[in-house]
Amino acid sequence: MRRRNFLQLTALSSFALGVGCKQEKPSQYAESMKPVVIATWNHGLAANAAAWKVLSSNGTALDAVETGVRVSEADPQVDSVGYGGLPDRDGRVTLDAAIMAHDSRCGAVAALEHIMHPISVARLVMEKTPHWMLVGEGALQFALEQGFKKENLLTPQAKAAWEQWLATKTYKPTINAENHDTIGMLALDTAGHVAGACTTSGLAYKMHGRVGDSPIIGAGLFVDGDVGAATATGLGEAIVRIAASHLIVELMRQGNTPEQACKLALERLIQKNPHYKEIQVGFIALNLQGQTGAYGLQKGFTYALHTPQGNQLVEAPHLLA
Ligand code: SD4
């Protein structure tokens, strides 16, 4: 896949990989590490750059994560998010997204069709309705009422890939080392608030109506303003079994670094998913001191980290040999 073509391992990775060190002086660390934004996969770099514009002008983490992931949603080259996303097995592009703020407000959409920016619809579900999630036709109806434009999100490239898949006549959608790309993004702003967003077209060639982990608060995304935030990418069916993002935040609350928390969650995930060797899952996490961490189940999970020192792509450590 394209994103692996320009992997850079830099000096920053030793910071990003965290090496499990606990913070001696959290308050000083906080001073030096705000703002910060971290996002999954190679396309997280472009998303981070957009988020950084918001953060560096003292914008909120919530605005930053929404602005950031919209870049991937609009990019036809990113085939697991928004426009250009691979369709379900019936050829329909159905989108899942969630957003969460430091004060625990959250919004989500699932199985939403024809709308390029599901993350912005999720934010409006949070801000303008008494609910946290809308799905399918109801989510579309709400989006149209809010002024979003109905569009065809199936690009010729994604349609061709689906037609090729149809010809195989097998039904075993998987998320292995190559089939994934969901963007999850976490940010800490200059005011010390965290927020997160996660948006995806989900598992390629899924059954129509299938919803993954990404829009499920606690599974694909979780934010706690007292602790930090976490988000997930990979096979949703495996991630929901351990409510992974909530678990990671709770592990950080208990004193683990973001990297340790991501690793421990993956250890739990393999206990609960006997077929773990066939799938890929990746987690990223951020705490209130601006410390970040990530872990992949298998080799190849990359993430983008933007600190005041710059925007870098990092390969996460991985659990399986
Ligand atoms: C899902 N977690 O729908 C998503 C897919 C994903 O990168 O992460 N793709 O299960």
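When reading the values below, keep in mind they use all heavy atoms of this one structure, side chains included, and skip hydrogens, waters and symmetry mates. One-based numbering, in listed order, for ligands and for the atoms of each.
Atoms of ligand 1 lying under 4.0 Å from any heavy atom of D213, numbered from 1 in the order shown and given with element: 1 (C), 2 (N), 4 (C), 10 (O). Taking every non-hydrogen atom of G202 and a distance limit under 4.0 Å, the qualifying atoms of ligand 1 come out as 3 (O). Residue-ligand proximity, S214 to ligand 1, at heavy-atom distances under 4.0 Å covers atoms 2 (N), 4 (C). Numbered from 1 in the order shown, with element, the atoms of ligand 1 that lie under 4.0 Å from a heavy atom of D181 read 7 (O), 9 (N). Less than 4.0 angstrom separates some heavy atom of G234 from each of these atoms of ligand 1: 1 (C), 2 (N), 4 (C), 5 (C), 6 (C), 8 (O), 10 (O).
Of the candidates E237, K206, R210, it is R210 that places a heavy atom closest to atom 3 (O) of ligand 1.
Checked for salt-bridge contact, K206 and E237 miss the test: no charged N lies under 4.0 Å from a carboxylate O. Residues R70 and E73 are not paired through a salt bridge, judged by the lack of any N-O separation under 4.0 Å between the basic side chain and the carboxylate.
The only member of L297, T231, L269 that meets side chain to side chain contact (heavy atoms under 4.5 Å, CB included) when paired with F283 is L269.
Within a 6.0 Å radius of CD in E267, more than 12 heavy atoms belonging to other residues, nucleotides or ligands are found. For Q164, the CD atom sits in a loose shell: 12 or fewer heavy atoms of surrounding residues, nucleotides or ligands are nearer than 6.0 Å.
Of the heavy atoms in T182, both backbone and side-chain atoms come closer than 4.0 Å to ligand 1. Within the 4.0 Å heavy-atom criterion, the part of L203 lying near ligand 1 is the backbone and not the side chain. At a heavy-atom cutoff of 4.0 Å, ligand 1 is contacted by no atom of Q280, backbone or side chain. The proximity of S80 to ligand 1, defined as any non-hydrogen pair under 4.0 Å, does not occur for either the backbone or the side chain.
Under the 4.5 Å side-chain criterion, counting only non-hydrogen atoms from C-beta, H208 is not in contact with R89. Two residues are said to be in side-chain contact when any heavy atoms from C-beta on lie closer than 4.5 Å; H114 and N152 fail this criterion. Inter-residue side-chain proximity for L319 and I270 is flagged as met; some heavy-atom pair is nearer than 4.5 Å.
A donor-acceptor contact under 3.5 angstrom links the side chains of T182 and T200, judged on distance only.
Where the criterion is an N or O separation shorter than 3.5 Å, residue side chain and backbone included, T200 fails it with respect to ligand 1. For the pair G236 and ligand 1, the shortest N or O to N or O distance falls below 3.5 Å. At a 3.5 angstrom cut-off on N or O pairs, T233 counts as close to ligand 1.
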